[in-house]
Visitor: 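Mind looking over this structure? Questions follow.
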Amino acid sequence: MTSEELTELLKSNSFELFNLPIEFQIDPTTLEAKYHSLQKQIHPDNFSVNRNEEKLLATSLSSKINDAYQTLASPIKRAKLILELNGLKINLAENNQLPENFLIEQMETHETIAEANDDIDKLDAIIYELEQKKDHLIAQIEEHFVNENLQIIVELIKQLSFYDKLILLVENNIQNAL
Amino acid sequence: MSITVTEAAANRVSKFLSNRGKGIGVRLGVKTTGCSGLAYKLEFVDNKNSDDVEFESKGVVIIVDKKSLQYLDGTQLDYVKEGMQEGFKFANPNVKDECGCGESFTV
Amino acid sequence: MALLQIAEPGSINEPHKRKIAIGIDLGTTNSLVATIKSGMPIVLNNEHDEKLTPSVVYYGETSKIKVGKDALKHLITDPSNTILSVKRLLGKDINEIELSAKLPYNFTDENNMVKIKTIQGDKSPVQVSADILSKLSYLASQSLGEEITGAVVTVPAYFNEAQRQATKQAAHIAGLNVLRLLNEPTAAAIAYGLDNKTDGTFLVYDLGGGTLDVSVLKFSKGIFQVLAVNGNTAIGGDDFDHLICKHIIDNQNLTNLTKEDIASLIQLSKNLKEQLSFNESLSTNIELSSKQVLNITITQKEFYNLSNNLVNQSLLPIKKVLRDAKINSNEIDEVIMVGGSTRMPNIKDAVSGLFNQKKLLSSIDPDLVVAIGAAIQADILVGNKKDDWLLLDVTPLSLGIETMGGLVEKIIPRNSTIPITIAQDFTTQKDGQNAMSLHIVQGERELSHECRSLAKFSLKGIPPMAAGTARIRITFQIDADGLLSVRAKEQTTGIESSITVRPSFGLADTQIEQMLNDSIKHAKEDIETRMLAEAQNKATSLITMLEHAIEIDGDLLIDEEKSQLKTILANLNQAIEQQNTNLITKLTDQLTNAAETFAVKRTNRALKQSLSGKTINEVE
C-alpha cells in the first residue's frame with residue numbers, strides 16, 4: 001500500500017475502514033476476520049524495513065484499526081457512532097432524563113455489590129444478572145434501529161453505559177478479591 | 001559430472017529441511033556478482049526448473065542449474081565449525097582465486 | 001570468512017547483503033542470544049561453549065569490564081563490584097529498590113537517578129544492562145561473522161513504561177538497532193506456536209530469575225493475539241534463593257555476616273534450590289569469613305514449606321489474567337512453562353492444579369524458549385521472511401492522567417491491543433486559566449499517588465476563556481514496542497505540546513547522549529579503522545587477481561578495455577595509499593563492473609580449456 005492510500009484510509013470512519021454497511025447488527029465472526037486481515041496488511045511490522053515516515057503512518061493506521069475494532073465490537077460504541085453519523089451527538093454525562101425506576105434499580109445494584117463484599121461467587125452472580133439486562137437493552141436498541149427511533153436509542157445507550165460501568169466496578173472488585 | 005556432500009553437510013541439510021517442513025532438497029548455484037566475478041548461492045528447493053540437474057549424495061537431493069554446474073562440477077559441500085562460527089563451505093576444484101569473504105571466487 | 005547458510009528460494013542472497021537479525025533474552029539471572037540459520041532458530045554459544053551467559057558484570061580495578069561467567073568468579077571475593085540481577089533495578093527509583101530484595105551494593109541517588117557505586121565509578125542499572133547487551137552483541141557478531149542488522153530484545157510482559165524505556169536505552173547504548181521490545185511470554189508462545197503450527201488458546205506461565213509473567217494468547221489463522229497479561233515484577237527465582245538463605249541464617253543464629261558471607265550463602269542457596277528439584281534431602285557445609293564452618297541440611301519438604309506462600313502468590317496472576325481474558329481455565333488448550341524456575345516440582349504441581357491437573361508444556365527448553373521466539377520475530381521484522389503470521393500484543397497496565405483531587409482518569413485500559421491511539425478532551429477549571437499541567441500515570445489504582453508516575457508536562461499559552469470552555473485534547477499513543485507518547489492540543493487555538501514519556505527518575509536525554517557519545521566515539525573509531533582495513537583488503541585482493549588475470553588472459557581484452565582497467569587500477573592504488581575508505585570502495589566497485597565482461601570471457605575460456613583437456617570418459 002502506498003503512503004497516499006494509507007493517508008486516505010486514516011480519514012475514514014470505522015465502518016468504512018472495515019468496509020461494512022452502517023448497521024447496528026454485526027456478525028462478530030466476520031468482524032474479527034476483517035480485523036485480522038486488515039492488520040495483516042497494515043500493521044507496522046510489515047513496514048519495519050521501510051522509511052520511518054511509512055512506519056509512523058502504519059502505526060497510526062494500525063492504531064485506528066484497533067480502535068475501530070473496539071468500536072464496532074462494542075454495542076454502545078457502535079450505536080453511538082451510528083447516531084453520530086446521523087448527526088446526533090450524545091453526552092453520556094448528561095443523564096438528567098433517566099427514568100426514576102431505572103435510577104432506583106441502579107442504587108439497589110450498588111447496595112447489592114457492597115453487600116457481596118469480596119465474595120467472588122456473589123459478585124459473579126451480579127455480573128451475570130447485569131449482562132442479562134444488557135442483552136435485553138441491546139435487543140431493544142436493535143429493534144429501534146430497524147424502526148429508526150433514534151431519540152429513544154439515545155436514552156437506551158445512556159442506560160447501557162450505566163450497566164457497563166457497574167460491570168467494570170464488579171470486575172474490579174473481583175480482581176481485588178482474588 | 002558430480003556434486004557431493006560430506007556426512008556433516010548431509011546431516012545438517014536433512015535437519016534444516018525437516019524443520020522447514022517443506023522442500024525437496026538444496027540448491028547450489030553461482031551467479032556473476034561479488035568482488036571476484038562469481039558468487040555462491042545456497043537455497044532450499046521447493047520446485048525444480050527445466051534446466052536443473054539433480055544429484056543425490058548421502059541421501060540428500062542436490063539441485064544445480066546447468067549454467068552453474070559448469071563452475072561447480074566436482075564441488076563438495078561441507079558443514080564446518082570455524083572458531084565460533086558454523087556453516088556450509090564449498091570445496092570447489094575449479095576455483096583459482098577467492099575473495100577474502102569466501103563467498104565469491106574466480107575460476 | 002563467513003560460512004554460508006541455506007537461504008529461502010529467491011530471497012536476498014548476495015554476498016555481504018543478507019540481513020542478520022538476532023533475538024536477545026536479557027534475563028535477570030542469565031542472558032541469551034539467538035538467530036535464524038538456514039531457516040532454523042538456534043541459540044548461539046558463548047566463548048565457554050555455553051548458551052546461557054550469566055547476567056553478571058564485574059567492574060574490576062583495571063578499567064576492564066567482565067561479563068558472564070568470568071564476572072561471576074569475582075562474586076564471592078568482591079561482591080560490591082560484581083553486579084548481578086541488575087534487571088531487578090532497571091527503571092526503578094531508590095524507594096522501590098530498597099523495598100525489593102536486600103542487595104549487597106552501595107547505591108547513590110542523585111536527582112532520583114539510582115546508581116551503583118563501583119570501583120570504576122557510579123554505574124546506573126541502564127549502563128550495567130548495556131554492558132551485558134554489548135557482550136551478547138559481540139558474541140553474535142563473532143559467531144555469525146557478519147554485521148548485525150537489528151535485534152529484538154525481550155522484556156517481561158508486566159514491565160511498566162519506565163522499565164521498557166530503560167531497556168530500550170540500554171540497547172541503544174550497546175549500539176543495537178532495536179527492531180522491537182518483545183514481551184517474554186509472547187516470545188515463548190511464538191516459539192511454541194510456530195513449532196506446533198496448531199491453532200489454539202495458550203496460557204504462558206513465565207517465572208524467571210526476578211520476574212513473573214502470565215499471558216493468555218490465541219493463535220488462529222496466522223494471527224497471534226495476546227488477550228491479556230498479568231504478573232508481578234517483584235517475584236522471581238531469586239526470591240526462593242533468599243528464602244533458603246534466610247532459613248539458614250535464622251536456623252544457625254548467624255550474626256555479623258560480611259557481604260562476602262552473604263554472597264556465598266546466597267550462591268549456596270541457589271545451588272541447594274536447584275538440587276532440591278531432584279533430591280529429597282541435601283547436606284553440605286560452608287566456611288564463613290570468620291573461619292566458622294556451617295553444616296547445613298535441608299529437605300525438599302522443608303523447602304516446600306518455606307516457599308508455600310511464594311508459590312501461592314505466584315498463582316494469583318493466573319487467576320487475574322484468566323478473568324481479564326474472559327476465559328475459563330478449561331478453555332486453555334496448552335499451559336506453557338517458561339523460565340528456569342519452572343523446573344521446581346512444587347511450582348509445576350501448583351500450576352497444573354489450577355488446570356485440573358493438566359499436563360504442562362515444556363518440550364522446548366524453558367531457559368532457551370524466549371530467545372528462540374525473539375530470533376523468529378527478529379527474522380520477520382528485518383524482512384528476511386515474508387510474513388505468514390502477525391503478532392498483536394497488548395499493553396499490560398492502564399495509562400491515565402491525574403485529574404482534580406489526585407484522581408486518575410484512565411485513558412488507555414490495560415490489555416488494550418497495541419499500537420493504540422486514544423484522544424480525550426479535558427477542560428480548564430478556572431476562568432482565564434492560561435496553562436495546564438498534565439501528570440501521566442500508569443497503574444490500576446484510583447489515586448494518582450498510588451500509581452506509577454511516568455511524566456509531567458505542561459501546556460502553556462491557553463487563551464483566557466471562561467472555566468470549562470477551553471477544549472484540550474490529550475492524545476495518548478502507544479507504539480508496537482509498548483512505548484508511550486502524549487500530545488496535548490488546545491482545540492480552538494491549536495496550541496500544542498507533546499512529550500515522549502521518559503520515566504521521571506530515569507536517565508535524562510542529555511545523559512543518554514553523553515553515554516552514547518562515549519561509547520560511539522570508541523566504537524566509531526573502531527568501525528572506521530575496520531572499514532578502511534576491509535576496503536583495503538578487498539581492493540588489494542581484486543587488484544592482485546586482476547593483474548594476474550591480465551597477465552595470463554590479457555589477449556581477451558581490446559585495447560580500450562585494457563587502458564580503462566589500467567586507469568582505474570592506478571587510481572585505486574592511489575586511494576589505498578591515501579587511506580580514503582570512500583574512494584577505495586567506489587573505485588573497487590567501478591573496477592569490478594569494468595572487469596565483469598573480462599571475467600565472463602575468462603571463465604568461458606577456462607571452462608573450454610578444462611573440458612578440452614579431459615578425455616571423453618571423464619566428461620561422460
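Chain identifiers are assigned alphabetically (A, B, ...) following the order of the sequence lines, protein sequences preceding nucleic acid strands; residue numbering begins at 1 within each chain. All heavy atoms count here, side chains included; hydrogens, waters and symmetry mates do not.
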Visitor: Please enumerate all residues that pass side chain to side chain contact (heavy atoms under 4.5 Å, CB included) together with C/F224, with sequence neighbours excluded.
Guide: C/A189, C/I190, C/L194, C/L217, C/F219, C/W389, C/L391
Visitor: Surrounding OH of C/Y138 (heavy atoms of other residues, nucleotides or ligands, distance under 6.0 Å), is the total greater than 12?
Guide: no
Visitor: Under 3.5 Å, which donor-acceptor pairs do the side chains of residues 31-40 of chain C form with other protein atoms, sequence neighbours left out?
Guide:
residue	atom	partner	partner atom	Å
C/S31	OG	C/G27	N	3.3
C/S31	OG	C/S55	OG	2.8
C/T35	OG1	C/A21	O	2.8
C/K37	NZ	B/E86	O	3.1
C/S38	OG	C/Q5	OE1	3.4
C/S38	OG	C/I6	N	2.8

Visitor: Tell me whether the count of non-hydrogen atoms from other residues, nucleotides or ligands lying under 6.0 Å of NZ in C/K586 goes above 12.
Guide: no
Visitor: Under a 4.5 Å heavy-atom cut-off, does chain B meet the side chain of C/D49, its backbone, both or neither?
Guide: side chain
Visitor: Give, as side chain, backbone, both or neither, the part of C/L139 having an atom under 4.5 angstrom from any heavy atom of chain B.
Guide: both
Visitor: So, taking the atom named CG in B/D78 and the one named CG in C/L4, what distance separates them when rounded to the nearest 0.5 Å?
Guide: 12.0 Å
